[in-house]
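In what follows, a single structure is set out as structure tokens and then discussed.
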Amino acid sequence: MGTPWISIKEMIGHLGEEVVIKGWMYNKRSSGKIHFLQIRDGSGFVQAVMVKNEVSEEAFDEAKKLWMETSLEVTGTVRADDRSASGVELSVSSIKVVHNPTDEYPIGKKDHGVDFLLDNRHLWLRSQRQRAIMTVRERIIWSWREFFHNKDFMLVDSPIITGAIGEGASGLFELDYFDQKAYLAQTGQLYAEAAAAAYGKVYCFGPTFRAEKSKTRRHLTEFWMLEPEVAFYDHKDNMDLQEELVRYTVEQVLEHCPKELALLERDLDPLKSVTEGPFYHINYRDAVVKLNELGSSIAFGDDLGAEDETVLTQQYDRPIFVECYPKGAKAFYMKENPDDVETVLCADLLAPEGYGEIIGGSQREDDLGKLVSRMEADGLDMDSYQWYLDLRRYGTFVHSGFGIGLERTVAWICGLHHIREVIPWPRTIYRLNP
Ligand SMILES: NC(=O)C[C@H]([NH3+])C(=O)NS(=O)(=O)OC[C@H]1O[C@@H](n2cnc3c(N)ncnc32)[C@H](O)[C@@H]1O
Ligand SMILES: [Mg+2]
């Protein structure tokens, strides 16, 4: 049996053994007598050391010609190396070059600027930093699925193409659907509400789309959102579930991604603080007073802008629920607040450190008459919502739910400034490729 092909991630379990690593060379340092080849294979990164008098002269000379991102197969012996992140090193006995690029790899050591990197996103993804971010993203996705599966939520995915508007008429991507008008889904919520009447505790998780002309570090035109919906949950139950989810998410990333957070130079204290105490709550009216004291010109009726959220979150060391926004600032489906009828039973959860909104949620209007009045006042096309109103005609029920944005959550937990770096293929107003 030949020399075993293993992944870099598995090398730690093969100390002293001869193995084959298949991957790419992403960097190289050489002296007259030794090559330090930095190799990656998708599972991780490792240094492969080629010593002149341990290999043939031909092999040592061949290694001089290796280019960045040469694909290759490296055979060698696994050695322990506590200086390296992987804990191991490879002492090279031979190299088989698969493909030596003829052109110089476009992403080099210099600072290219983000637009160049995004234009080369198909290559930029290969970097250590991007792999760290994608590892955290995957861990968060996995922890969400695990969290809801363990709580007996049923995954009931909603359609991506729909005839219904979910979050209001602005921000819709319209498409010709044979002889009808259709939209890319802004939210899966309305469908999750129907599923909640069928299965009780449900969630949907997929890409959602907003044709907003918001050129900010928090907005994409395509983003991933997880949307739980629970029959007989009220506003408080809803916030409790959100707090439990966010705390669990941070705990999971701290436990499973320490190396990635270290590579991203993430200050862990603010994340640890999230796991050490209850989240804060502030009523919208009190938030307006507080923001005015902090210099904001916000008035009752306004939604909190990005700057307001930044200023507000900098007053707290853990996430904060801003509750009961004015009716006019929020979507038609939110339940009127019986204690303050100018407002609705909703909450945005703002992440600390200036990151702002990561969750929007609410208790839903279960009174058919009030819901119809609100939808008509918002000018919605009632014909395309009759199925949604049936949920109030046939066994209306108290229910609540929320949407947590994956990219905003990943950006916050990784401590990254812009959301475009946390999705493999970011879509913004001006970016449609690659
Ligand atoms: N099932 C529900 O109750 C969800 C509800 N229908 C909804 O879509 N709420 S939301 O518009 O606040 O969006 C929810 C979250 O979705 C994220 N979001 C919302 N819009 C964006 C954009 N444009 N880019 C990135 N992330 C975005 C952000 O974290 C928001 O807090
Ligand atoms: Mg929102």
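In listed order, ligands and their atoms are each counted from 1.
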Which protein non-hydrogen atom lies closest to [atom], naming both residue and atom, and how far is it?
atom: atom 15 (C) of ligand 1; answer: G403 O, 3.5 Å
atom: atom 7 (C) of ligand 1; answer: E167 OE2, 3.5 Å
atom: atom 17 (C) of ligand 1; answer: F223 CE1, 3.7 Å
atom: atom 23 (N) of ligand 1; answer: L220 O, 3.0 Å
atom: atom 12 (O) of ligand 1; answer: E357 OE2, 3.0 Å

Is the closest heavy atom of R364 to ligand 1 under 4.0 Å? yes
Are W224 and F205 near enough that their ring centres are under 6.0 Å apart? yes
Please confirm whether the ring centroid of Y26 lies under 6.0 Å from the ring centroid of F45. yes
Could you tell me which atoms of ligand 1, counted from 1 in the order shown, lie closer than 4.0 angstrom to a heavy atom of [X]?
X: M225; answer: 8 (O), 13 (O), 14 (C), 15 (C), 16 (O)
X: I419; answer: 25 (C)
X: I359; answer: 31 (O)

Donor-acceptor side-chain pairing of [X] and [Y] below 3.5 angstrom:
X: Y248; Y: E146; answer: yes
X: Q130; Y: R121; answer: yes
X: S7; Y: E10; answer: yes
X: E227; Y: T187; answer: yes
X: R145; Y: S143; answer: no

Are any of the side-chain heavy atoms of V156 and Y191 separated by less than 4.5 Å? no
[X] and ligand 1 - part of the residue with a heavy-atom distance under 4.0 Å:
X: R427; value: neither
X: Y333; value: side chain
X: F402; value: backbone
X: R408; value: side chain

Got an N/O contact under 3.5 Å between I358 and ligand 1? yes
Closest by any non-hydrogen atom to atom 25 (C) of ligand 1: pick that one out of R218, R210, E212. R218
Look at atom 1 (N) of ligand 1 and find which of E222, E227, Q186 reaches it with the closest heavy atom. E227
Has D348 got an N/O/S atom less than 2.8 Å from the Mg ion (ligand 2)? no
Worked check of side-chain hydrogen bond (donor to acceptor under 3.5 Å, both in side chains) between H399 and E193: CA-CA 8 Å; H399 60 291; E193 290 186 56; 2.6 Å; yes
Restricting E357 to its N/O/S atoms, the closest one to the Mg ion (ligand 2) is OE2
Determine yes or no for a side-chain-to-main-chain donor-acceptor pair under 3.5 angstrom, with R247 supplying the side chain and G277 the backbone. yes
Return yes if some donor-acceptor pair links the side-chain N/O of T70 with the main-chain N/O of M25 below 3.5 Å, else return no. no
